[in-house]
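Heads up: the structure comes next, in structure tokens.
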Amino acid sequence: MASLELTEYERKRLENIRRNEEMMNAFKINSKAAELSAATKRQRMGSKSYKVSPEKKPKTGSPVIIRRSLRTRGIPPDAKGLGEGFVEPPNGGIPPDAKGLGDGFVEPSNGTPKPKRLYRPSPCVLGPISMSDAFRGKGTDRVLIDLVLDVAKRQQLSSASIKEEFDIDNSLMHEKYLVKGGCKSEPLDWPVKVEKCEIESGLDLGSLVLKPENVARVVPGRIMLVRFFPCNDARMIVTGNKFGNVGFWNVDSQRKNAIYLYHPHTGPISGIAFRQSCLSKASLISFRSYFFLCYDGFVRLMDAEKEVFDLIYSSDDGIFSLSQRPNDLTSLYLGKGRGGLSVWDERIGKPSSEWILHENRINTIDFNSQNPNIVATGSTDGMACIWDLRSLNAHNPRAVKMESHKRSVHSAYFSPSGSSLATTSIDDTVSILGGPNFEDTSRIYHNNQTGRWISTFRGIWGWDDSYIFIGNMKRGIDVISPVERRVVKTLQSPHMTAIPCRFDAHPYQVGTLAGATAGGQVYLWTSV
DNA sequence: CGTCAGATTATTTAA
DNA sequence: TTAAATCCATCTGACG
């Protein structure tokens, strides 16, 4: 079926992985001792640290199905193998009863969970996964696939007429920004000189409501990301969770069961983006923590035509953030490892350039809507930076603007007009940079102490520059006015029974706002 | 300087 | 109704 073609890069990587595997195996021989010492250590520590969950066996007496990749079994990844190489454990990616080892990982030999440090990485498939294999819902996902294809088809038809206009737009952008700046390292057209905000959405805050039917549990566990499918006549929500599940919720569906759950990844989903050139494909990114083995940064592309989650890139480092440059549809900008920004080029199938921009991981990457050379990053190292890609020196990258927070920065987003930047930090501030050079800074106090169980807050812009939406620890959504420099309203509802921490504003419907929680719920606020 | 334990926090689900 | 389980975030502070 799907042939497994490896690029040079991937082949090298596999070789690496195999070597590591060998080392791992060698290590395992001595692991009894390590286990013992670890165990005694744990006991000595006594009081704290979560107990290893009680031995967990499949409910039935049926033989344990072990899910192992080619890699784990040391089988060279040739084209076959794939079919039988991937067996789902009973109950797949859904963290069973919330205990156990998250991913349904079962230790082959004796069923005793080993100390974490010794876990091998979750088995991964180094190639495409068919959507039906990844499907975790009841019934069939045919309806969803058809819907996605249908939307794509209609989009293509209607965009045929828009296409020319779009191309012109693109070339204008080039002329305006690329050609002008050129490759010179001379002064560029910084400041950005964005025309004063002319976007006006006309949102009436008072009209926002949460209807009971607009609440759903879309995925199990903690949601990392929520995004609207970019279609103006539909309300389709896509979420990614901590376990590598991806859930689709077709809100407008008349069907009772309009939620479709997949498990294409083995680690937290850290980015969701839609391929702008072809909407039948949504690209989904996952990272697995860099704390364990370091090779599990995967990028998969969901292809509704081929009905697969294709593996398009995998990195030894974790991948934490993703953005697409507005005028460049064949590249993905990835936040990788400790502070890396990597440009993955679809045409060559590997990174075309990489910079180390921060001292710690990059949590968000956001391009300026007015100037595609200008990009903002927010990092755990406490900095939010604005970069000019034309002048980005490979060895000594210099930001054109830096905003320093006392602690980790969890988001840095440009406003819809491109004239402001909002940064959210765990130091309990939301910072707004404005003015022609982004030199006017105002700081707004906001409680961002989400603790361990709630995903960090990220203030997002609404449909124009007038409001920022951000989670509130008291089960609300705070609305910040950058002009008034304060929280002007807190959206609350009896139906919002948990803290919404991640948001997305519908790209075409003003007032349609999705909030996602640590328990897998999504709240869809609408304007009446 | 790096590593690692400890504390923090909310939501779900089993009891 | 209550208690147990969560364990890939982050800072602090102890320890080599």
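A note on names: the letters A, B, ... follow the listed sequences, proteins ahead of strands, and every chain is numbered from 1.
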Can the ring centres of A:Phe414 and A:Phe367 be said to be less than 6.0 Å apart?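 So the answer is no for these two rings.
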Do we get A:Arg361 above A:Phe320's six-membered ring, with its NZ or CZ under 6.0 Å from the centre and within 45° of the axis?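 A:Arg361 over A:Phe320 ring: yes.
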Separation between the C1' atoms of B:dT13 and C:dC8, rounded to whole Å: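 Here B:dT13 and C:dC8 have their C1' atoms 22 Å from each other.
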Expressed as a whole number of Å, how far does the P atom of C:dC7 sit from that of B:dA14?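 Approximately 15 Å lies between the P atom of C:dC7 and that of B:dA14.
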Assess whether side-chain hydrogen bond (donor to acceptor under 3.5 Å, both in side chains) is satisfied between A:His446 and A:Asp478, documenting all intermediate values. CA-CA 9 Å; A:His446 188 266; A:Asp478 282 339; 2.7 Å; yes
Whole angstrom is fine here: how far is it from [atom1] in [X] over to [atom2] in [N]?
X        : N      : atom1 : atom2 : result
A:Ile223 : C:dT6  : CD1   : C1'   : 17 Å
A:Arg475 : B:dT12 : CZ    : P     : 9 Å
A:Lys242 : C:dT6  : NZ    : C1'   : 7 Å
A:Asn360 : B:dG2  : CG    : P     : 12 Å
A:Asp427 : C:dT10 : CG    : C1'   : 13 Å
A:Glu359 : B:dC1  : CD    : P     : 11 Å
A:Phe320 : C:dT10 : CZ    : C1'   : 14 Å
A:Ile454 : B:dA10 : CD1   : C1'   : 5 Å

Searching all strands shown, indicate the nucleotide that pairs with B:dA7 (Watson-Crick or G-U wobble; both distances under 3.5 Å).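 Pairing partner: C:dT10.
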Return the nucleotide paired to B:dC1: Watson-Crick means purine N1 to pyrimidine N3 with N6-O4 or O6-N4, wobble means G-U with N1-O2 and O6-N3, both under 3.5 Å.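 B:dC1 is paired, partner C:dG16.
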For C:dT10 and A:His410 - does any side-chain N or O of the residue sit under 4.0 Å from the phosphate oxygens OP1/OP2?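 Yes, such a contact exists.
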Would you say the base of C:dT6 stacks on A:Trp453 (centre-to-centre below 5.5 Å, plane angle below 30°)?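 A:Trp453 vs C:dT6: stacking yes.
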To the side chain of A:Arg452, which of C:dC11, C:dT10, B:dT8 is closest?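 Shortest atom-to-atom distance from the side chain points to B:dT8.
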The side chain of A:Ser408 is closest to which nucleotide in this list: B:dA10, C:dC7, C:dC11?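 Among B:dA10, C:dC7, C:dC11, the one nearest the side chain of A:Ser408 is C:dC11.
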For the residue pair A:Phe229 and A:Phe274, does the interplanar ring angle fall in the parallel (under 30°), tilted (30 to 60°) or perpendicular (over 60°) class?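 Ring orientation, 0 to 90° scale: perpendicular.
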Does A:Gly451 or A:Arg217 map to a spot on DNA chain B nearer the 5' end, using the closest nucleotide for each?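 First, find each residue's nearest nucleotide; the 5'-ward one identifies A:Gly451.
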Between A:Trp461 and A:Pro482, which heavy-atom pair has the shortest distance, and what is it?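 So the minimum-distance heavy-atom pair works out to CZ3-CG, 3.8 Å.
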